[in-house]
There are 2 protein chains.
Amino acid sequence: MGRKPRFTKDQFSTAALSLVSEGGPKAVTVAAIAARTGAPVGSVYHRFPSREHLLAEAWLRLAGSFQRGFIDLLEKGDPVEAALYTVRWVRRHPGEAKVLLLHRKEELVAGGNWPPEVRRQAADLAGELRSALVSFSKRFFGSPEKRFTRRSVFALVDIPLAAVRRSLEEDRVPSTAVYSLVRESCEALMRRMP
Amino acid sequence: MGRKPRFTKDQFSTAALSLVSEGGPKAVTVAAIAARTGAPVGSVYHRFPSREHLLAEAWLRLAGSFQRGFIDLLEKGDPVEAALYTVRWVRRHPGEAKVLLLHRKEELVAGGNWPPEVRRQAADLAGELRSALVSFSKRFFGSPEKRFTRRSVFALVDIPLAAVRRSLEEDRVPSTAVYSLVRESCEALMRRMP
DNA sequence: CTTTTATTAGAATATTGATTCTAATATGTC
DNA sequence: GACATATTAGAATCAATATTCTAATAAAAG
């Protein structure tokens with residue numbers, strides 16, 4: 001019973017993400033989110049207890065979907081493929097990529113005041129990524145030493161991000177040229193038994 | 001003539017930078033800057049026409065001093081040394097590094113509304129870096145092709161930044177282990193005649 | 001058809017932060 | 001010492017935003 005909803009949570013969080021993408025964290029006001037979807041501000045608060053919940057949830061959904069693809073590929077065991085996944089994903093989703101790679105989540109939600117429940121989810125997400133990398137590294141290098149994990153993180157995560165960040169900042173889709181730069185550095189760093 | 005000043009521009013911009021470093025762009029309110037230096041807000045406005053001028057000026061000063069060292073080293077012609085400079089600098093100035101590497105300048109100054117005069121200075125700074133890299137690349141690879149410049153930028157700028165970013169986000173000084181990661185990737189990418 | 005209630009609608013409120021203003025204070029100059 | 005003025009002091013204003021509140025709507029249930 002009750003009136004039929006005209007707006008969904010998804011519409012609001014999608015609008016929020018595109019606002020971040022276009023104008024950075026400062027542009028994501030509740031009024032702007034409402035305006036973009038054509039809803040009154042009251043309706044936003046009907047779906048989310050606060051702006052922070054909205055943003056946190058939107059960020060989590062996005063980060064999760066990006067990360068799942070990466071972990072899947074990581075489990076196949078080929079480091080170069082995993083590294084290139086990031087570049088492919090960014091080229092396919094440039095708008096979302098800006099949200100994820102150009103802004104720290106601490107700045108989306110004022111002063112990192114994430115709702116505790118969401119904070120736990122974020123920690124879980126980070127934990128999953130971490131342990132996927134640790135176990136990949138063990139398998140790949142045949143050793144659980146920390147320096148190998150560090151190396152894997154650098155080669156498979158940090159380098160690909162570095163390769164696309166500049167383009168995203170200038171609002172361009174990364175060129176295909178970055179594939180070979182990422183491949184070369186990744187191959188150089190990831191030889192078994194270094 | 002007139003009363004003797006108790007506060008300097010430098011005190012204010014230094015306070016501003018440390019506030020950014022500790023709490024991100026949102027933490028740099030004019031009141032916070034004043035409080036940190038012990039000055040009344042009026043005195044801040046006596047030195048700077050606006051918060052944006054203050055932040056822009058502070059950012060420029062910092063970016064300039066970092067960049068000058070890098071360009072000097074670049075002109076000596078050794079790519080690995082130039083790449084390692086960034087790591088050394090960050091290890092020596094972790095607080096300042098957070099300001100420079102963890103936040104886009106567009107977010108320090110609301111919506112990138114930089115005062116026009118300062119915007120020109122920022123463009124000059126970026127131009128200097130760019131042309132230093134272009135001419136390094138020409139000398140090093142013996143060719144002015146764009147793909148070589150891209151490669152140099154990636155190896156000498158983007159990779160070192162990637163190597164330190166994670167530590168800075170977690171508020172740690174990058175370990176010495178990153179030196180070898182940066183060196184290895186840089187050497188792999190920068191062989192003459194690739 | 002009436003009742004119930006989830007939802008829309010958007011106005012009212014409260015808070016935070018930048019900027020401006022008025023007054024008080026020193027300091028160098030005459 | 002009196003004057004002129006740069007500076008300190010901090011209160012008063014103004015604007016932007018998140019959040020709350022009150023009323024109007026529309027759909028479902030009986």
Side-chain angles (χ1 to χ4, degrees), chain A residues 1-20 22-59 103 106-115 118, chain B residues 1-20 22-59 103 106-115 118:
Chain A
M1 62 195 76
R3 181 174 176 171
K4 180 183 289 175
R6 294 186 47 205
F7 310 99
T8 66
K9 285 181 96 174
D10 256 30
Q11 282 180 79
F12 294 133
S13 54
T14 303
L17 291 180
S18 68
L19 285 164
V20 179
E22 293 161 23
K26 297 215 182 70
V28 208
T29 65
V30 176
I33 294 170
R36 171 140 320 188
T37 56
V41 293
S43 292
V44 175
Y45 281 93
H46 208 276
R47 296 271 180 285
F48 295 94
S50 76
R51 172 182 179 273
E52 321 217 321
H53 279 81
L54 194 171
L55 288 174
E57 209 174 298
W59 190 90
H103 309 282
E106 289 78 18
E107 273 152 42
L108 277 190
V109 178
N113 293 338
W114 288 52
V118 181
Chain B
M1 61 196 76
R3 179 173 178 172
K4 181 183 290 177
R6 294 186 48 204
F7 310 99
T8 66
K9 284 182 96 173
D10 257 29
Q11 282 181 78
F12 293 133
S13 53
T14 302
L17 291 180
S18 68
L19 284 164
V20 179
E22 294 161 23
K26 298 218 181 70
V28 206
T29 67
V30 175
I33 295 170
R36 172 143 315 190
T37 56
V41 292
S43 292
V44 175
Y45 281 93
H46 208 276
R47 297 268 180 285
F48 295 95
S50 76
R51 172 182 179 273
E52 322 217 322
H53 279 82
L54 194 170
L55 287 175
E57 209 173 299
W59 188 91
H103 307 283
E106 289 78 17
E107 274 154 41
L108 277 189
V109 178
N113 292 338
W114 288 52
V118 181

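We name chains A, B, ... by the order of the sequence lines, and we start the count at 1 in each one.
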Protein-nucleotide distance (A:Lys9, atom NZ; C:dT8, atom P), rounded to Å: 14 Å
Non-hydrogen side-chain atoms of B:Arg51 and B:Val28 separated by less than 4.5 Å: yes
Could you list all N or O pairs between the protein and nucleotides 14-18 of chain D that sit under 3.5 Å apart?
residue, atom, partner, partner atom, Å
D:dA18, OP1, A:Arg51, NE, 3.0
D:dA18, OP2, A:Val30, N, 2.9

Residues forming a side chain to side chain contact (heavy atoms under 4.5 Å, CB included) with A:Pro40, sequence neighbours excluded: A:Phe7, A:Ser43
Under the side-chain hydrogen bond (donor to acceptor under 3.5 Å, both in side chains) test, residues paired with B:Glu52 that sit two or more places apart: none
Short side-chain N/O contact from B:Ser43 to OP1 or OP2 of D:dT7, under 4.0 Å: no
Nearest-Å distance for atom pair CZ/P, residues B:Phe48 and C:dA18: 15 Å
Partners passing side-chain hydrogen bond (donor to acceptor under 3.5 Å, both in side chains) against B:Ser13 (at least two apart in sequence or in another chain): B:Arg61
Contacts of type side chain to side chain contact (heavy atoms under 4.5 Å, CB included), residue A:Tyr45, not counting sequence neighbours: A:Val30
Interatomic distance where CD1 belongs to B:Ile33 and P belongs to C:dG17 [whole Å]: 12 Å
Among D:dT7, D:dA11, C:dT7, the nucleotide that comes nearest once only the side chain of B:His46 is considered: D:dT7
Minimum-distance nucleotide (side-chain atoms of B:Pro5 versus C:dG10, D:dA11, D:dT7): D:dT7
Under 4.0 Å protein heavy-atom contact, by nucleotide of nucleotides 21-26 of chain C - B base, S sugar-phosphate only: ----BB
Listed once per pair and sorted, the salt bridge (charged side-chain N to carboxylate O under 4.0 Å, His left out) pairs that draw on residues 28-45 of chain A, sequence neighbours left out: A:Glu22-A:Arg36
Partner residues of A:Ala27 under the side chain to side chain contact (heavy atoms under 4.5 Å, CB included) criterion, sequence neighbours left out: none
Value in whole Å for how far the C1' atom of C:dT27 lies from CZ of B:Arg6: 15 Å
Smallest separation among heavy atoms of A:Lys9 and A:Arg47, with atom names: CG-CD, 3.7 Å
Phosphate contact (D:dT8 OP1 or OP2) by B:Arg47 side-chain N/O below 4.0 Å: yes
Spacing of B:Arg36 atom CZ relative to C:dG17 atom C1', expressed in whole Å: 17 Å
Any residue meeting side-chain hydrogen bond (donor to acceptor under 3.5 Å, both in side chains) with B:His103, in chain and number order, not counting sequence neighbours: A:Glu107
Which residue lies more 5' along DNA chain C, comparing A:Val44 with A:Val41 via nearest heavy atoms: A:Val44
